**Q** 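Once you've had a glance at the structure underneath, I'll fire off some questions.
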Amino acid sequence: MSLFNRKTQTQSTANGNNFLTELALATIHDGVIITNRSGVIQFINPAAVIMLDCGSAENALGLDYGLLLKLESKEGRELLENENPLIQAMRTNQQIENQAVCLVAGPSAKRIPVAISLVIANNNESNRIITFRNITKELAEESEQAEFISTASHEMRTPVASIEGYLSLALNPQTATIDERARKYLTSAHSASQHLGRLFRNLIDVTKLDDGRLRPNFEPVEMVGTVKQMADNFVMAAQNAKLNFQFGSNDPATVNNSGRLEQVVYGYVDVNFLQEIMNNLIENAIKYTPAGGSIYVNVLGDGDRALINVTDTGIGISSDDIQHVFQKFYRADNSDTRTIGGTGLGLYLVKQRAEAMGGHVWAESAFGEGSTFYVSLPRISGDEYEKRMIAVNNAKMVPQTPVNNNNQGGKQ
Ligand code: ADP
């Protein structure tokens with residue numbers, strides 16, 4: 001039987017190439033589905049039939065793609081419509097290239113990690129060609145590599161901390177006497193050991209976030225107060241760097257006679273993740289802004305999102321660099337950044353943490369004038385916040401079940 005359904009099949013080519021095309025589509029291990037522009041399935045190859053566990057190609061033809069291609073995030077989280085890459089690509093006529101997601105396949109809802117792509121055919125029908133590749137093995141290999149990096153970083157962190165500690169003692173006039181030349185060498189060694197320590201801590205976080213060991217612990221949060229508290233921790237550091245530091249909008253349009261208009265914005269986030277994100281963004285703003293500059297941190301409600309911005313008037317990022325700064329180990333290389341230390345992992349961790357909470361990050365910048373980093377996180381209504389707070393408080397009040405009834409007074 002032909003791979004192609006005769007009702008919807010593309011016309012055979014006169015030169016017989018169709019046979020080879022069919023053969024190729026029948027033998028590859030990647031799933032291939034072709035839909036019309038409304039998303040109705042017109043073709044499905046055998047690999048897709050097996051992966052989606054739909055029995056036969058005939059069962060799939062004529063169905064809406066969404067009935068078969070159910071997706072979750074690569075971490076296994078349910079995707080909202082505006083987060084589902086297929087739905088978005090179908091709606092906005094955009095392509096997708098190798099996006100890692102989890103396929104929820106067939107009646108047994110088996111989870112298969114896949115890299116999914118969508119290409120729009122350049123024909124009258126504007127057919128959508130969706131391909132998906134099982135990446136279980138790749139992920140296992142990546143996870144082995146990550147495990148190695150994580151173990152190595154753990155093992156190296158302890159001796160590095162000890163080197164850092166001894167160098168601090170050597171540099172402290174109360175614990176050691178050294179001459180000026182030795183001080184110069186040891187100061188360099190001390191700052192290098194601090195850099196290594198930071199690198200290992202970041203590497204451990206990267207591997208844990210990449211392989212899903214570090215998962216967010218969601219709780220209802222009043223965002224404005226929480227982010228303000230986090231930002232306030234940096235008031236001293238900003239002062240020491242001779243920077244003006246302000247929480248709240250710097251836009252005169254949001255200020256009224258009685259002061260600043262403060263919105264109440266509720267979010268459903270992991271507070272530790274949020275803290276790490278704010279630490280990274282504000283530390284960078286301080287690091288990359290020369291003395292005399294300003295830093296503004298603000299939170300706004302933007303539809304169903306809570307939008308945080310960290311704005312600085314610092315060195316800025318060129319348009320070539322800005323598309324890469326959230327990648328692992330990427331550091332802009334120019335005369336300004338060369339003298340400023342860093343690991344190139346901070347913004348990658350910001351992105352990973354924000355995305356793990358269902359959020360997004362992006363940056364806008366004018367080179368030489370300053371940068372704004374945005375973090376958009378899921379927002380909840382006041383009612384939803386109250387409900388979730390009651391649930392959290394109730395959970396806290398539920399007495400813990402004793403582990404062993406015969407040993408209630410003993411140590412557990
Ligand atoms: P690093 O440890 O190098 O700061 P990050 O991942 O935090 O690593 O940032 C990646 C790169 O993005 C930095 O090396 C720097 O070039 C650029 N960058 C980040 N934040 C800023 C900022 N506020 N202003 C200018 N450049 C920035």
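For clarity, every value in this text was computed on a predicted model and none was experimentally measured. Every number for a ligand or one of its atoms is a count from 1 in the order of the listing. Computation of the quantities below employed the complete heavy-atom set of this structure, encompassing side-chain atoms and omitting hydrogens, waters and symmetry-equivalent molecules.
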**Q** Please write down residue, atom name and distance for the protein heavy atom closest to atom 7 (O) of ligand 1.
**A**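 Going atom by atom, the protein heavy atom closest to atom 7 (O) of ligand 1 ends up being Asn284 ND2, 2.8 Å.
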
**Q** Between Asp210 and Gln352, do the side chains contain a donor N or O and an acceptor N or O under 3.5 Å apart?
**A**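 There is such a pair between these side chains.
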
**Q** Non-hydrogen atoms of Gly314 versus ligand 1: any pair closer than 4.0 Å?
**A**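 Gly314: no contact with ligand 1 (<4.0 Å).
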
**Q** For residues Tyr348 and Asn202, is any side-chain donor paired with an opposing acceptor at under 3.5 Å?
**A**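 No, no side-chain donor-acceptor contact under 3.5 Å.
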
**Q** Starting from atom 26 (N) of ligand 1, find the nearest protein heavy-atom neighbour and note its residue, name and distance.
**A**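 Looking at atom 26 (N) of ligand 1, the protein heavy atom closest to it is Ile317 CG1, 3.3 Å.
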
**Q** Does the N or O separation between Ile315 and ligand 1 drop below 3.5 Å for any pair?
**A**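 It does not: no N or O of Ile315 is found under 3.5 Å from an N or O of ligand 1.
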
**Q** Is a salt bridge present between Asp179 and Lys184, judged by a nitrogen-to-oxygen distance below 4.0 Å?
**A**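 No.
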
**Q** Compute the shortest N/O to N/O distance between Lys287 and ligand 1 and return yes if it is under 3.5 Å, no if not.
**A**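 In this structure, Lys287 places an N or O atom under 3.5 Å from an N or O of ligand 1.
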
**Q** Is it the case that Asn134 and Thr136 place a side-chain donor and acceptor less than 3.5 Å from each other?
**A**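 Short answer, yes.
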
**Q** Looking only at distance, does Gly342 have an N or O less than 3.5 Å from an N or O of ligand 1?
**A**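 Such a contact does not occur with ligand 1.
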
**Q** Check the side chains of Asp321 and Ser318 for a donor-acceptor pair under 3.5 angstrom, ignoring hydrogens and angles.
**A**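 Yes, a side-chain donor-acceptor pair sits under 3.5 Å.
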
**Q** So is Arg353 actually on top of Phe273's ring, under 6.0 Å and inside 45° of the axis?
**A**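 Here Arg353 passes the 6.0 Å and 45° test against Phe273.
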
**Q** Should Gly341 be counted as touching ligand 1, given the test is an N or O pair under 3.5 Å?
**A**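 No - when backbone and side-chain N and O of Gly341 are compared with those of ligand 1, no distance drops under 3.5 Å.
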
**Q** What do you reckon, does Phe373 put a non-hydrogen atom under 4.0 Å from ligand 1?
**A**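 Yes, that is the case, since the closest heavy atom of the residue is under 4.0 Å from the ligand.
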
**Q** Touching ligand 1 at all, Asn280? Heavy atoms, strictly under 4.0 Å?
**A**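 No heavy atom of Asn280 comes that close to ligand 1.
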
**Q** Tell me, which protein residue and heavy-atom name are nearest atom 23 (N) of ligand 1, and how many Å apart are they?
**A**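 Protein heavy atom with the smallest distance to atom 23 (N) of ligand 1: Asp312 OD2, 2.9 Å.
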
**Q** I need the nearest protein heavy-atom contact for atom 18 (N) of ligand 1: residue, atom name and distance, please.
**A**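 In this structure, atom 18 (N) of ligand 1 has Tyr288 CE1, 3.9 Å as its nearest protein heavy atom.
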
**Q** Is it the case that the side chains of Ser168 and His190 hold a donor-acceptor pair, with the cut-off being a distance below 3.5 Å and no angle test?
**A**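 Per modelled atom types, His190 and Ser168 side chains form a pair under 3.5 Å.
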
**Q** Regarding ligand 1, does Arg331 bring an N or O atom to under 3.5 Å of one of the ligand's N or O atoms?
**A**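 It does: an N or O of Arg331 is found under 3.5 Å from an N or O of ligand 1.
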
**Q** Which residue holds the protein heavy atom closest to atom 17 (C) of ligand 1, what is that atom called, and what is the gap in Å?
**A**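 Of the protein heavy atoms, Val325 CG1, 4.0 Å lies nearest.
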
**Q** When you measure from the centre of the six-membered ring of Tyr266, is the NZ or CZ of Arg379 under 6.0 Å away and within 45° of the axis?
**A**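 Geometry flag: not set, cation outside 6.0 Å or 45°.
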
**Q** Nearest protein heavy atom to atom 11 (C) of ligand 1, by residue and atom, and its distance?
**A**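 For atom 11 (C) of ligand 1, the nearest protein heavy atom is Tyr330 O, 3.7 Å.
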
**Q** To which protein heavy atom is atom 2 (O) of ligand 1 closest, and what is the distance rounded to 0.1 Å?
**A**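 Protein heavy atom at minimum distance: Thr343 N, 2.8 Å.
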
**Q** Just checking Asn124: does its CG atom have more than 12 heavy atoms from other residues, nucleotides or ligands closer to it than 6.0 angstrom?
**A**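 12 or below, so no.
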
**Q** How close does the nearest protein non-hydrogen atom get to atom 6 (O) of ligand 1, and which residue and atom is it?
**A**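 The protein heavy atom lying closest is Leu347 N, 2.8 Å.
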
**Q** More than 12 heavy atoms of other residues, nucleotides or ligands under 6.0 Å from NE2 of His324: yes or no?
**A**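 Yes, because the 6.0 Å sphere around NE2 of His324 holds more than 12 heavy atoms from other groups.
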
